[in-house]
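On a predicted model such as this, the values are computed, not experimentally measured, just so you know. Residue numbers begin at 1 in each chain, while the letters A, B, ... track the order of the sequences.
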There are 2 protein chains.
Amino acid sequence: MTSASDLASLAALLADETRAAMCLALLDGRAWTAGELAAHARVAPSTATGHLHRLIGGGLLVERRQGRHRYVQLAGASVAQLLEDLAARIEHRPASPRGLRAVTANSAMRRGRTCYDHLAGRLGVAVTDAMTHTGLLDQTSGFALTTAGLAWLTDTAGLRPEDLRPGKRPLARGCLDWTERRQHLAGLAGAKLCETFLGNDWVVRIGSGRAVRLTLNGKAALRDLLGLSDVN
Amino acid sequence: MTSASDLASLAALLADETRAAMCLALLDGRAWTAGELAAHARVAPSTATGHLHRLIGGGLLVERRQGRHRYVQLAGASVAQLLEDLAARIEHRPASPRGLRAVTANSAMRRGRTCYDHLAGRLGVAVTDAMTHTGLLDQTSGFALTTAGLAWLTDTAGLRPEDLRPGKRPLARGCLDWTERRQHLAGLAGAKLCETFLGNDWVVRIGSGRAVRLTLNGKAALRDLLGLSDVN
DNA sequence: GCAATCGTTCGGCGGCCGCCGAACGGAAAC
DNA sequence: GTTTCCGTTCGGCGGCCGCCGAACGATTGC
């Protein structure tokens, strides 16, 4: 039985603006050093240390010590999913009074980004839609790959079959996009597909953030593989 | 762009033990009066008022005033899902040192309960498993109803087709059960199926909580409809 | 060995917030 | 009308917690 105090202490981990900023930064899926997170959240290193202790102790983050650096990252895809769910709730809210500037300033982010370990933004949604229209993905009564979709991933997109064995993590999962308000492909297949895109330089990261850019090679690949012509 | 302060203030709503207890109580999907929630959480009525203001203002709860009573309930299925996701994270934690008493005291809850508006516990998992084994549900590469499953819901289980039009809410969704650590059927289909179970007296609520009991009629129905013989 | 850098621990300060009781308003029961 | 009950507002108290700076360890680089 879940006790209220357990729920409260879990929520308390994210109920502080500094810790929330750290977790959102870590949503890019990469490992950050303690100092980087401190600077990003604009607090003193000593303050960051305390926060990281709590987040690690609470199971949201894991650490990897390396020399005099302490790298931390999200404890797994389930944590990332939880954060995305929370973020989606926020963006859902009717008529949030935010200026235009914040929107335009993040146009690259809206165009395409990684959501922990899979593609999101307009790019992620476009790929998901194309897969749905070509019968690779079934969204009519849930969110699942078809047998054609499974074959496409390995034979056409070039994923390794052994990477797609469903274990604890579901193969396909819908992840609600908070800019597009649409679902996009997450889960194991989404992660491996994103890995392939990055490995083939179909998309490249912009700077150090989560935003990604579709390359010319990528445009061609999307056209060939999915019949997608006008992305972004 | 989701700002850290938005995430923090959303999480802060659940970061208090009293508010968390209220939300968990409301997970039964029904409307509670302010006084009932105050008593349940063991705080003064004035304290409860403040908490309810925050929860309603934050969009997690909605209120319905009726006479001198103020009824509140969860703002929707998405809130319930969020709470269940958080609860699942807690129960996931390795080796939580909890006594046997808490487990046995909640054996009815583990056997079967409602999870906001669908069935959970061993009963919910058993139904979901049976639907999977009989080809009504596809869990191999996601979580989706098959065409046979859709037909079964309306023709055999007796759901009204007009109740299963997918709108904003997905038809089928997996909801992780925090006692069984298994997925069970949620989403629109899960809700309507649960409604049918309750309406036909296949399951009845135990007392005023979330726990439910399978009736003799229910046992027979599960055997007839799904070939399920030994539930619970 | 010395300096620079990264992270940690510790003490103390300040503010937020959850709690209650008392008083009040409104609706229902009689 | 009177009483009772439910919920609210307000003021004040107490504790938790997030913040920093200073001092210290640890590691790397020179």
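Distance, B:Arg19 CZ to C:dC16 P: 16 Å, rounded to whole Å. Look at CD on B:Gln66: it is 16 Å from C1' on D:dC5, rounded to the nearest Å. Following rounding to the nearest Å, A:Arg65 (CZ) and C:dT5 (C1') show an atom-to-atom distance of 15 Å. Between B:Leu52 atom CG and D:dG7 atom C1' the separation is 10 Å, expressed in whole Å. A:Glu17 places its CD atom 14 Å from the C1' atom of C:dC16, with the value rounded to the nearest Å. Distance, A:His53 NE2 to D:dC17 P: 17 Å, rounded to whole Å. Following rounding to the nearest Å, A:Glu36 (CD) and C:dG7 (C1') show an atom-to-atom distance of 13 Å. One interatomic measurement links the two molecules: CG of A:Leu55 to P of D:dG18, which rounds to 10 Å at whole-angstrom precision.
Remark: A:Arg54 is not in phosphate contact with D:dC16, judged by side-chain N or O atoms under 4.0 Å from OP1 or OP2. Proximity of B:His51 to the phosphate of C:dC19: a side-chain N or O atom is located under 4.0 Å from OP1 or OP2. Taking only side-chain nitrogens and oxygens, B:Thr47 comes nearer than 4.0 Å to OP1 or OP2 of C:dC20.
Using a 4.5 Å heavy-atom cutoff, the side chains of A:Asn200 and A:Thr196 are in contact.
With D:dT9, C:dC10, D:dC19 as the candidates, the nucleotide lying closest to the side chain of A:Val43 is D:dC19. Closest to the side chain of A:Arg70, out of D:dG18, C:dT8, C:dC19, is C:dT8. When each of D:dG7, C:dG7, D:dC20 is scored by its nearest atom to the side-chain atoms of B:Thr33, the top-ranked nucleotide is D:dG7.
Residues B:Thr18 and A:Tyr71 each lie close to DNA chain C; by heavy-atom proximity, the contact nearer the 5' end of the strand is made by A:Tyr71. Between A:Ala48 and A:Arg68, the one whose closest nucleotide on DNA chain C sits nearer the 5' end is A:Arg68.
Between A:Thr33 atom OG1 and A:Leu52 atom CG the span is 9.5 Å, to the nearest 0.5 Å.
The side chain to side chain contact (heavy atoms under 4.5 Å, CB included) with B:Arg19 is formed by just one residue from the set B:Leu55, B:Leu14, B:Leu60, B:Leu37; it is B:Leu55.
The aromatic rings of A:His184 and A:His118 sit tilted relative to each other, their planes meeting at an angle between 30° and 60°.
No hydrogens or angles were tested; on distance alone, a donor-acceptor pair under 3.5 Å links the side chain of A:Ser46 to the base of D:dG21.
Between the side chain of A:Thr215 and the backbone N or O of A:Asp201 there is at least one donor-acceptor pair closer than 3.5 Å.
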